[in-house]
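As structure tokens, the structure follows; a few thoughts come after it.
For the single chain, residues carry numbers from 1 onward in sequence order. For clarity, every value in this text was computed on a predicted model and none was experimentally measured. Side chains included, hydrogens not; waters and symmetry mates left out as well; all remaining heavy atoms used.
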Amino acid sequence: WRGRAAIYLHDLTTDTQRRISSDVASPAAPDISGNRVVWRDKRDGTWDIYMVDLLNPTSGEQKISAGLADQYDQYGVQISGDRIVWHDSRNGSTNTDIFVYDLKKRAELQITSAPSYQAWPAIDGDIIVWMDYRNGNPDIYAFDLAKSQELPIAMGPANQFNPAVSGHFIVWEEYRNGLPDIYLYD
């Protein structure tokens with residue numbers, strides 16, 4: 001692999017492609033919701049979050065992580081509507097936490113604060129899910145933004161990984177029987 005990475009968009013209606021990220025970037029892990037594309041980018045030395053609004057191309061790339069977050073790496077960026085979630089290491093490399101940025105309110109909110117590793121969030125509407133090590137092994141937790149309420153979803157001695165959410169359904173990978181299975185929370 002040589003050269004610079006780039007984020008591209010393929011329009012299924014027109015069967016065309018166009019580059020989304022700039023040439024000075026080193027983008028990775030894109031996600032899309034409606035007309036917004038987000039990704040993480042290491043152009044300034046740490047992994048930061050950037051966004052492009054496809055309906056407003058003249059606005060260019062917008063850096064979402066700023067201030068205190070700008071000093072630390074952000075990972076696991078996901079977007080749903082007006083909300084962007086990620087985990088970062090501002091509280092220590094073994095104490096990553098989940099954050100959400102509301103594009104309408106232009107405000108960041110810390111979702112987790114347990115003294116352990118919380119990572120790899122997913123979001124749909126008001127629900128954020130993530131993998132959480134607060135009990136010693138990876139469990140799945142959720143946070144309802146509308147109710148400001150955290151919910152344990154899958155806990156126990158088995159390892160739970162890779163949560164996803166859609167509406168009121170949450171799925172994850174779990175090694176309860178020694179091999180990976182997919183479980184559903186409704």
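In plain terms, the two heavy atoms of Ile127 and Gly167 that are nearest each other are CG1-O, 4.3 Å. Leu103 and Gly81 get closest at one heavy-atom pair: CD1-O, 4.4 Å. Taking both residues in full, the closest heavy atoms of Asn56 and Ser59 are given as O-OG, 2.7 Å, listed atom of the first, atom of the second, then distance. Val129 and Pro163 make their closest contact through CG2-CB, 3.7 Å (heavy atoms, listed as atom of the first residue, atom of the second, distance). Residues Pro121 and Ile128 share a closest heavy-atom pair of CB-CG2, 4.2 Å.
Between atom OG of residue Ser80 and atom CD1 of residue Ile32 there is a gap of 12.5 Å, rounded to the nearest 0.5 Å. Atoms CG and OH, on Asp88 and Tyr72 in that order, are 9.0 Å from each other to the nearest 0.5 Å. Atoms OH and CE, from Tyr141 and Met131 in turn, are 13.0 Å apart once rounded to the nearest 0.5 Å. Residue Ile79 holds its CD1 atom at 7.5 Å from CG of Asp31, rounded to the nearest 0.5 Å. To the nearest 0.5 Å, atoms CD (Glu173) and CD1 (Ile140) are separated by 9.5 Å. One distance of note links CG of Asn135 with OG of Ser116; it measures 8.0 Å at 0.5 Å rounding.
Val38 places none of its side-chain heavy atoms less than 4.5 Å from the side chain of Val52. Pro152 is not listed as a side-chain neighbour of Asp139, based on a closest heavy-atom distance of 4.5 Å or more. Side-chain atoms of Ile84 and Val100, non-hydrogen and from C-beta on, never get closer than 4.5 Å to each other. In this structure, the side chains of Ile153 and Leu151 come closer than 4.5 Å at one or more pairs of heavy atoms. Annotation: side chain of Trp120 is not in contact with side chain of Phe161 (no heavy-atom distance under 4.5 Å). The side-chain heavy atoms of Gln74 and Arg40, taken from C-beta on, include no pair separated by under 4.5 Å. Annotation: side chain of Ile170 is not in contact with side chain of Leu184 (no heavy-atom distance under 4.5 Å). The shortest distance between side-chain heavy atoms of Ile20 and Glu61 does not fall below 4.5 Å.
Remark: Arg134 fails to qualify as a cation-pi partner of Tyr117 under the 6.0 Å distance and 45° angle criteria applied to the six-membered ring. At least one cation-pi condition fails for Arg106 and Tyr101: the charged atom is not both under 6.0 angstrom from the six-membered ring centre and inside a 45 degree cone around its axis. Relative to the ring axis of Tyr183, Arg176 places its NZ or CZ within 45° and under 6.0 Å from the centre.
Following chains of ILVMFWY side-chain contacts shorter than 4.5 Å, one can reach Ile7 starting from Leu54, so the two form part of one hydrophobic cluster.
With salt bridges taken as basic N to acidic carboxylate O contacts below 4.0 Å, one links Arg83 and Asp126. Looking at Asp82 and Arg36, a side-chain N of the basic residue comes within less than 4.0 Å of a carboxylate O on the acidic one, giving a salt bridge. Between Lys63 and Asp48 there is a salt bridge, with a side-chain nitrogen of the basic residue lying less than 4.0 Å from a carboxylate oxygen of the acidic one.
Between the side chain of Ser26 and the backbone N or O of Lys42 there is at least one donor-acceptor pair closer than 3.5 Å. The backbone N or O of Pro27 sits nowhere less than 3.5 Å from a side-chain atom of Ser21 that would complete a donor-acceptor pair. Side-chain N or O atoms of Asn137 include one that pairs as donor or acceptor with a backbone N or O of Ala158 at under 3.5 Å. Checked by atom type and distance alone, the side chain of Asn177 never pairs as donor or acceptor with a backbone atom of Leu179 at under 3.5 Å. Distance alone, capped at 3.5 Å, places no donor-acceptor pair between the Asn159 side chain and the Glu174 backbone.
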> Passes side-chain hydrogen bond (donor to acceptor under 3.5 Å, both in side chains), Gln110 versus Thr112? Steps please.
Replying inline: CA-CA 6 Å; Gln110 183 172 342; Thr112 62; 5.3 Å; no
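Applying the ring-ring contact (aromatic ring centres under 6.0 Å, His included) test between His87 and each of Tyr75, Phe99, Trp47 identifies Tyr75 as the sole match.
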